[in-house]
Amino acid sequence: LKLWNKYRVSNIPSLIFIDASTGKVVCRNGLLVIRDDPEGLEFPWGPKPFSEVVAGPLLRNNGQTLDSKALEGSHVGVYFSAHWCPPCRSLTRVLVESYRKIKEAGQKFEILFVSADRSEDSFKQYFSEMPWVAVPYADEARRSRLNRLYGIQGIPTLIVLDSKGDVITRQGRVEVLNDIECHEFPWHPKPVLELTDSNAVQLNEGPCLVLFVDSEDDGESEAAKQLIQPIAEKIIAKYKAKEEEA
C-alpha cells in the first residue's frame, strides 16, 4: 500500500521504472515504453527534454503546419484530451476562452493538443473547435512519447510548462476551472488551497492535510491559512531540494 501511495498508482496494470541507486522515478508509464520499444533500444528510458520529444511538424485546424520550434520561448499547455470523453469536451470549451484571454493579455502562451481520439475523423472534428496547435493524429509515435514523458493515466489532463519546457503544474485542468479570468496564469502551485469540487482530485495525488474551519467566519479561515502556510512552504521546499514532487 505504501508503494501504491508513493507512486500515485490509480489504475492497473501499472509499470513504473525507477533508478535503484537514487530511488527516483525514471518513467511512470512503463506499459507504453515496452509497447513502443520492445527491443529496449532506448533503455534505460529516462526522461527527455520536452523540446526533443515534441520535435517535428505541428498542425493548425486550418490545415497549416508549423515547426515545433515555434513553441520555444512560450509557456505551453500540453493538453491530453479526446472527443469521446465528456469531461474533455467540457474542459475544452472553458480552455478556449482561457486561451483567448491569455493571448489578448499579451502573454506568450500556446496549447499543444495530444489526441486520444479513436479515429482521425474524430480527431479532425474535435480539433476544428480548437484555436491552438496539435500533434498530427497520424504521428502515433510522437503522441505516445508525450504520454510517456508525463506519465498520463487519464484524460483530460493539462500540463503547463514554462518557457524552458519545465513543468509548472500538472494540475492545469484544476487551475483553469478555478481561475476563469486567468489572473494567476501561469498557475504556479500554491502551498495551501481552499478545497473545492474542482481541485478535490488532488487528494489522490499524495498525502494531504485538510483543515476544517467555520466557513462563515472569514477571520477564522484567514487565521487558519496563516497557521499552515509556513508549514506547507517548508515541506514543498524540502521536496524541491530533493528534486521530488511534494
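What you are looking at is a predicted structure, and each value in this text was computed from that prediction instead of being measured.
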K.L.:
Please state whether the rings of Phe127 and Phe123 are parallel, tilted or perpendicular, taking 30° and 60° as the class boundaries.
P.N.:
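Phe127 and Phe123: parallel rings.
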K.L.:
Heavy atoms, side chains only, cut-off 4.5 Å: are Thr196 and Asn178 in contact?
P.N.:
yes
K.L.:
Quick check on the hydrophobic clustering: are Leu195 and Leu177 connected, directly or via other members, by side-chain heavy-atom contacts under 4.5 Å?
P.N.:
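Result: no, two separate clusters.
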K.L.:
On the 0 to 90° scale, with breaks at 30° and 60°, tag the Phe50-Tyr150 ring pair as parallel, tilted or perpendicular.
P.N.:
tilted
K.L.:
So, taking the atom named SG in Cys85 and the one named CG in Leu91, what distance separates them when rounded to the nearest 0.5 Å?
P.N.:
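Result: 9.0 Å between the selected atoms.
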K.L.:
Are Ile228 and Phe212 connected into the same hydrophobic cluster when the rule is that any two of I, L, V, M, F, W, Y join if their side-chain heavy atoms are below 4.5 Å apart?
P.N.:
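Shared cluster, no.
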K.L.:
Is the closest basic N to carboxylate O distance between Glu184 and Lys190 below 4.0 Å?
P.N.:
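Salt bridge flag = yes for Lys190 with Glu184.
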K.L.:
Ignoring hydrogens and angles, state whether a donor on the side chain of Trp84 or Asp117 is under 3.5 Å from an acceptor on the partner side chain.
P.N.:
no
K.L.:
For atom NZ of Lys240, decide whether the heavy atoms of other residues, nucleotides or ligands shown that lie under 6.0 angstrom number more than 12.
P.N.:
no
K.L.:
Name the residue from Ile235, Ile236, Ile231 that meets the side-chain contact (heavy atoms from CB on, under 4.5 Å) definition with Pro191.
P.N.:
Ile236
K.L.:
May I ask you to decide if Ser115's main-chain N or O and Tyr137's side chain share a donor-acceptor pair within less than 3.5 Å?
P.N.:
no
K.L.:
Would you say the side chain of Val192 lies within less than 4.5 Å of the side chain of Leu211, judging by non-hydrogen atoms?
P.N.:
no
K.L.:
Salt bridge between Arg100 and Glu97, side-chain N to carboxylate O under 4.0 Å?
P.N.:
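So Arg100 pairs with Glu97 through a salt bridge.
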K.L.:
Looking at side-chain heavy atoms only, is the closest gap between Glu175 and Pro186 below 4.5 Å?
P.N.:
no
K.L.:
Please answer: with hydrophobic residues joined when any side-chain heavy atoms are less than 4.5 Å apart, are Val54 and Leu161 in the same cluster?
P.N.:
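Both belong to a single hydrophobic cluster.
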K.L.:
Are a donor atom and an acceptor atom from the side chains of Tyr79 and Thr92 found within less than 3.5 Å of each other?
P.N.:
yes
K.L.:
Just one of Glu233, Lys225, Gln226 clears the side-chain hydrogen bond (donor to acceptor under 3.5 Å, both in side chains) bar with Gln229, so which one?
P.N.:
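Exactly one pass, corresponding to Glu233.
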K.L.:
For Ser74 and Phe109, run side chain to side chain contact (heavy atoms under 4.5 Å, CB included): C-alpha distance rounded to whole Å, both residues' side-chain angles, the deciding distance at 0.1 Å, then the answer.
P.N.:
CA-CA 5 Å; Ser74 297; Phe109 179 54; 5.9 Å; no
K.L.:
Do Pro136 and Arg143 have side-chain heavy atoms sitting under 4.5 Å apart?
P.N.:
no
K.L.:
Are Leu193 and Leu203 grouped together when hydrophobic residues (ILVMFWY) are joined by side-chain heavy atoms under 4.5 angstrom apart?
P.N.:
no
K.L.:
Heavy-atom count check: over 12 atoms from other residues, nucleotides or ligands less than 6.0 Å from Glu194 CD?
P.N.:
no
K.L.:
Around atom NZ of Lys24, are there more than 12 heavy atoms from other residues, nucleotides or ligands closer than 6.0 Å?
P.N.:
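Counting neighbours around NZ of Lys24, more than 12 heavy atoms of other residues, nucleotides or ligands fall under 6.0 Å, so yes.
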K.L.:
To the nearest 0.5 Å, how far apart are CG in Asp166 and CD1 in Ile168?
P.N.:
9.0 Å
K.L.:
Do you know which two heavy atoms are closest between Val9 and Ser14, and how far apart they sit?
P.N.:
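Smallest heavy-atom distance, with atoms named: CG1-CB, 3.9 Å.
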K.L.:
Heavy-atom distance under 4.5 Å between the side chains of Val76 and Ile111, does that happen here?
P.N.:
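No; the side chains remain at least 4.5 Å from each other.
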K.L.:
Do the side chain of Arg142 and the main chain of Val135 share a donor and acceptor less than 3.5 angstrom apart?
P.N.:
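Not a single qualifying donor-acceptor pair exists.
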K.L.:
Given side chain to side chain contact (heavy atoms under 4.5 Å, CB included), test Thr157 with Val78 step by step and report yes or no.
P.N.:
CA-CA 8 Å; Thr157 295; Val78 189; over 6 Å; no
K.L.:
For atom CG of Asp197, decide whether the heavy atoms of other residues, nucleotides or ligands shown that lie under 6.0 angstrom number more than 12.
P.N.:
no
K.L.:
Find out if a path of hydrophobic residues (ILVMFWY) with successive side-chain heavy-atom gaps under 4.5 Å connects Ile34 to Val26.
P.N.:
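Same cluster: Ile34 reaches Val26 through Ile, Leu, Val, Met, Phe, Trp or Tyr contacts under 4.5 Å.
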K.L.:
Any side-chain heavy atom of Leu32 sitting closer than 4.5 Å to one from Leu15?
P.N.:
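Sidechains of Leu15 and Leu32: no contact.
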K.L.:
Measure the spacing between CG of Leu95 and SG of Cys88 and express it to the nearest 0.5 Å.
P.N.:
11.0 Å
K.L.:
Quick one: are the ring centres of Phe113 and Tyr126 less than 6.0 Å apart?
P.N.:
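Yes, close enough.
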K.L.:
Just by distance, with hydrogens left out, do Arg35 and Ser144 show a side-chain donor and acceptor under 3.5 Å apart?
P.N.:
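Side chains of Arg35 and Ser144: pair found under 3.5 Å.
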K.L.:
With sequence neighbours excluded, what pairs up with Trp132 under the ring pair (Phe, Tyr, Trp, His ring centres under 6.0 Å) test?
P.N.:
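Scan of Trp132 (ring pair (Phe, Tyr, Trp, His ring centres under 6.0 Å), adjacent residues dropped) gives Tyr99.
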K.L.:
Test Phe185 against His75 for side chain to side chain contact (heavy atoms under 4.5 Å, CB included), laying out the working first.
P.N.:
CA-CA 10 Å; Phe185 174 83; His75 286 82; 3.9 Å; yes
K.L.:
If we ignore hydrogens and angles and just use 3.5 Å, is the side chain of Arg118 paired with the main-chain N or O of His83 as donor and acceptor?
P.N.:
no
K.L.:
Can you measure from CG (Asn147) to CD (Gln153) and round to the nearest 0.5 angstrom?
P.N.:
11.0 Å
K.L.:
Using a strict cut-off of less than 4.0 Å between a Lys/Arg side-chain nitrogen and an Asp/Glu carboxylate oxygen, indicate whether Glu72 and Lys108 qualify as a salt bridge.
P.N.:
no
K.L.:
Of all the heavy-atom pairs spanning Gly151 and Arg28, show the shortest one and how long it is.
P.N.:
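That closest heavy-atom pairing would be CA-CB, 4.0 Å.
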K.L.:
Within the 3.5 Å criterion, strictly below it, is a donor on Ser21 or Asp19 matched to an acceptor on the partner's side chain?
P.N.:
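Present: a donor and an acceptor within the cut-off.
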K.L.:
Quick one: do Leu112 and Phe80 satisfy side chain to side chain contact (heavy atoms under 4.5 Å, CB included)? Show the steps, please.
P.N.:
CA-CA 8 Å; Leu112 174 66; Phe80 299 86; over 6 Å; no
K.L.:
Any idea which heavy atoms bring Lys48 and Leu149 closest together, and the distance?
P.N.:
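Taking every non-hydrogen atom into account, O-CD1, 3.2 Å.
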K.L.:
Sort out for me which residue in Val176, Leu158, Ile180 forms a side-chain contact (heavy atoms from CB on, under 4.5 Å) with Ser98.
P.N.:
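Running side-chain contact (heavy atoms from CB on, under 4.5 Å) over Val176, Leu158, Ile180 with Ser98 returns exactly one hit, Val176.
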K.L.:
Does the distance from a Lys or Arg side-chain N to an Asp or Glu carboxylate O, for Arg145 and Asp36, drop under 4.0 Å?
P.N.:
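No salt bridge links Arg145 with Asp36.
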K.L.:
How far does CD1 of Ile159 sit from OG1 of Thr169, to the nearest 0.5 angstrom?
P.N.:
7.5 Å
K.L.:
For the CH2 atom of Trp187 and the CG atom of Asp179, what is their distance to the nearest 0.5 Å?
P.N.:
6.5 Å
K.L.:
Heavy atoms, side chains only, cut-off 4.5 Å: are Lys103 and Glu110 in contact?
P.N.:
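Yes; the side chains approach each other to less than 4.5 Å.
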K.L.:
Kindly indicate whether the side chain of Glu42, heavy atoms from C-beta on, has any atom under 4.5 Å from the side chain of Arg148.
P.N.:
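Of all side-chain heavy-atom pairs linking Arg148 with Glu42, at least one is under 4.5 Å.
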